[in-house]
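Report on one structure; see the data block that follows.
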Amino acid sequence: MSRRAVIAANWKMFKTRAEARETCGRLLQLVGDVQDVEIVVCPPYTALDAAREVVADTVIGLGAQNTHWEDEGAYTGEISVPMLEECGCRYVILGHSETRQYLGETDQRVNRKLLRVLAGDLIPIVCVGESFVQRESGRVSQVVLGQLEKALDGLTADGLSRMIIAYEPLWAIGTGRTATPETAQEVHAMIREWLRDRFSQTLPAEVRILYGGSVKPSNVAELMAQDDIDGALVGGASLEAESFAKLVRFDEQ
Ligand code: PEP
């Protein structure tokens, strides 16, 4: 079974509503005809509906950068799954390393969020990845599979096939240092093997695993050429429509 490639833009805390509208409009001019790649943009919450005005009913899907696990309640500053669905979101990023580092995100909270997201219709993009020190001390599999084990606690293979996993080594995010295609492939293959052992024989063929960490037009093709790399979650290089469009057209660089 061949998995559909996904190229997702994480705009982090960048772009006003006007900028989001403009970038989405330009992006549509550049990649509006692309059919074989799932294109996702994840603006900040405040620009979600502005982006939706432009990308609704196009090849570009809308995603959020986080969510809460409750549908409503006294959680100041939070946004829920039904709110994101109402804004036209189809995707949501969970457990991004910056959310873990700056906002106290934990594997347990990611697990609660994932359970809630999978109970609805959104497609979760679950982020995992090791730090430089963890890699240097030979703990990549322990860290990455440990994060997945906790994030996926209580779930069965049923309904998990729409989940997307993003392997994002911390030392590569926003640093300009990309994992080599071989290094990334090794971890992606390990994750797929873990999905087989932990869930089912068929699940690994269905779950898309993206690489994230300084992906740019110059390195996307060699990453995408790896058997187990199904796409990319992109920060910096996704902010300009021209650059992001080149990533979406990775096979035509
Ligand atoms: C990210 O934010 O998920 C990311 C991978 O950022 P960058 O592409 O800038 O490294």
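Both ligands and their constituent atoms are indexed starting at 1 by order of listing. Because the structure is predicted, anything quoted here is derived from the model rather than measured.
- Contacts classified as ring pair (Phe, Tyr, Trp, His ring centres under 6.0 Å) and involving residues 195-236 (residues at least two apart or in different chains) are given here: Trp194-Phe199.
- Protein residues having a heavy atom under 4.0 Å from any atom of ligand 1 are Asn10, Lys12, His96, Glu168, Ala172, Ile173, Gly174, Gly212, Gly213, Ser214, Leu233, Val234, Gly235, Gly236, listed by chain and number.
- Checked by atom type, the side-chain pair Asn66/Thr99 shows no donor-acceptor distance below 3.5 Å.
- Of all non-hydrogen atoms in Leu239 and Thr23, the two that sit nearest each other are O-CG2, 3.8 Å.
- Applying the ring pair (Phe, Tyr, Trp, His ring centres under 6.0 Å) test to pairs two or more places apart or on separate chains, none has a residue in residues 124-144.
- Taking 4.5 Å as the limit, every side-chain heavy atom of Glu72 sits out of range of all side-chain heavy atoms of Ser80.
- For Lys12, the salt bridge (Lys or Arg N to Asp or Glu O under 4.0 Å) criterion is met by Glu98, not counting sequence neighbours.
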